[in-house]
Amino acid sequence: MKKIITRSIWILSLVSLFTDVASEMLYPIMPVYLKSIGFSIVLIGVLEGFVEAVAGISKGYFGQLSDHLKKRVPFIRLGYGFSAFAKPLLAVFTFPLWIFMVRTIERLGKGIRTSARDAFLSDQTTSHYKGQVFGFHRAMDTLGASIGPILALVFLLFYPGNYKWLFILSVIPGIIALSLTFILREKTNEAMVNSSTIHFFSFLSYWKRSGIQYKWIVLGLLLFALFNSSDAFILLSLKEVKGYTDSQMIGFYIFYNLVYALLSYPIGRLADKIGLHKMLLGGIFLFSIIYVCYGFASGVLFLLVLFFGYGLYASATEGISKALITNLCKKEDTGTAVGFYNSFLSVFTLLASSIGGLIWFLTSAKIMFMVSGMGAFLAFLFLLFAFKKFRVEAKPATP
């Protein structure tokens, strides 16, 4: 029987797990910490979107560069290294310019590694098992995203409001993740070829030579991204609008991540059987329902149902969208194709987070969530049309 989850996939997934332990120790308290040092709702939205956009543009370049050099691991190693050592620096000073600079460096690490990492995962398998491989990686990644907030919750129970020490402690799992990258090995791929000299924005030219299916699916996913603002707003609304404490807010976030982690692999396997595109459509449709309902949500039980649904949505879209994109490009262009998408995804995240923060500021959180939900439904309809028009196969032929 073919071994689908290889040693390299395990190692890379563990790297992601420990990195997310470090990141998610901080993510739930990041908006609260930023508010405590003087950031407004709008500025939080701009910061979160800006750092993702900076990282995003670099995702395209480094993705193409990994194709050009036929290497994935050096980019993975360097990217995780940047992220590991930048996080504690957020606690050194509270000046807005310093926060912007360090947060940008930390996200640049993500930009360096993300496309090479996605291409590395794609290189390890075939089109028939992409859902499983990307789903397994997301499961491990998100397990780390569950452990991180638990550690943060325990810490804050003993030291409430002592956010700075969390930033310092996050370096420990970050160093473990970086150490694991040194036992990661490349998979030689003779089908990959060097291209001509590339520059920082040369990945943009990939759009011209990409297939029509790739173009339409990426456009639909970017339309969805335009209405999918930062999760920081969901967490902030729990505290600022619904009146939950820091510990309760983190508890909801842990629950969401546990659902996400537990469902990612089985949903990936199911997507390989029924079709990646069907699973993706179902996830986006679910997102639209959850966001419309979230603005009106009250009571712990209703919120738990919505957070369960949100975890289900994430497991049906995050890894699945990457798996689908890698099936719509030539193998030698995997890093470039994923990098192109990742780059524009981050730019649209900037727009979504900035617009979301502005809508909240000018109207209310309820209106912001409703707009996001209705916009996501438009993206669902667009992708439904695209999949039918270009007849994306329900599932790959049996291997």
Open item on the list: For the backbone of Leu351 and the side chain of Ser354, can you confirm whether one donor and one acceptor N or O come within less than 3.5 Å of each other?
Closed with: no

Task: Donor-acceptor pair, side chain of Ser288 and main chain of Met374, under 3.5 angstrom - done: no

Task: Any donor-acceptor N/O pair, Ser122 side chain to Ala119 backbone, under 3.5 Å - done: no

- [ ] Decide if the gap between the ring center of Phe200 and the ring center of Tyr61 is smaller than 6.0 angstrom.
- [x] yes

Task: Interatomic distance, Leu151 atom CG to Ser146 atom OG [nearest 0.5 angstrom] - done: 11.0 Å

Open item on the list: Are Phe340 and Phe344, when compared by the centres of their aromatic rings, separated by less than 6.0 Å?
Closed with: yes

- [ ] Measure from the side-chain N and O atoms of Asp272 to the backbone N and O of Gly131, and report whether any donor-acceptor pair falls under 3.5 Å.
- [x] yes

TODO: Check whether the ring centres of Tyr214 and Tyr206 lie less than 6.0 Å apart, and answer yes or no.
DONE: yes

Open item on the list: Before we go on, tell me: are the rings of Tyr256 and Phe252 under 6.0 Å apart, centre to centre?
Closed with: no

TODO: With rounding to the nearest 0.5 Å, note down the distance linking CD1 in Ile176 to OG1 in Thr181.
DONE: 12.5 Å

Open item on the list: Does either side chain, that of Ser346 or that of Lys59, offer a donor lying less than 3.5 Å from an acceptor on the other one?
Closed with: yes

TODO: Examine Arg113 relative to Tyr80 and say whether NZ or CZ is less than 6.0 Å from the centre of the six-membered ring and inside a 45° cone about the ring axis.
DONE: yes

Open item on the list: So does Ala261 get a backbone contact from the side chain of Ser264, meaning a donor-acceptor N/O pair under 3.5 Å?
Closed with: no

TODO: Taking Ser343 for its side chain and Gly60 for its backbone only, find out whether a donor-acceptor pair lies under 3.5 Å.
DONE: yes

Open item on the list: So, taking the atom named NZ in Lys322 and the one named OG1 in Thr317, what distance separates them when rounded to the nearest 0.5 Å?
Closed with: 10.5 Å

Task: Interatomic spacing from CG in Leu26 to CD in Glu24 - rounded to 0.5 Å - done: 8.5 Å

Open item on the list: So that I can tick it off, tell me whether Arg209 and Asp333 are bridged by a salt bridge, with the cut-off set at under 4.0 angstrom between side-chain N and carboxylate O.
Closed with: yes

TODO: Taking the six-membered ring for Trp and the full ring for Phe, Tyr or His, determine whether the centres of Tyr310 and Tyr313 are under 6.0 Å apart.
DONE: yes

Open item on the list: Assess whether a salt bridge exists between Asp141 and Arg138, defined as any Lys/Arg side-chain N lying under 4.0 Å from an Asp/Glu carboxylate O.
Closed with: yes

TODO: Would you confirm whether Lys273, through its side chain, and Arg269, through its main-chain N or O, come within 3.5 Å as a donor-acceptor pair?
DONE: no

Open item on the list: For the OG atom of Ser13 and the CD1 atom of Ile5, what is their distance to the nearest 0.5 Å?
Closed with: 7.0 Å

Open item on the list: Are Tyr159 and Trp165 an aromatic pair, judged by ring center distance below 6.0 Å?
Closed with: no

- [ ] Would you please say whether a donor-acceptor pair under 3.5 Å links the side chains of Lys130 and Thr326?
- [x] yes

- [ ] Scan side-chain atoms only and decide if Asp231 and Tyr253 contain a donor-acceptor pair under the 3.5 Å cut-off.
- [x] no

Task: Pair Phe387 + Trp216: ring centers closer than 6.0 Å - done: no

Open item on the list: Taking Phe233's backbone N and O only, do any of them form a donor-acceptor pair with Trp360's side chain (distance below 3.5 Å, no angle check)?
Closed with: no

Open item on the list: Ignoring hydrogens and geometry beyond distance, is a side-chain donor-acceptor pair present between Asn342 and Thr114 at under 3.5 Å?
Closed with: no

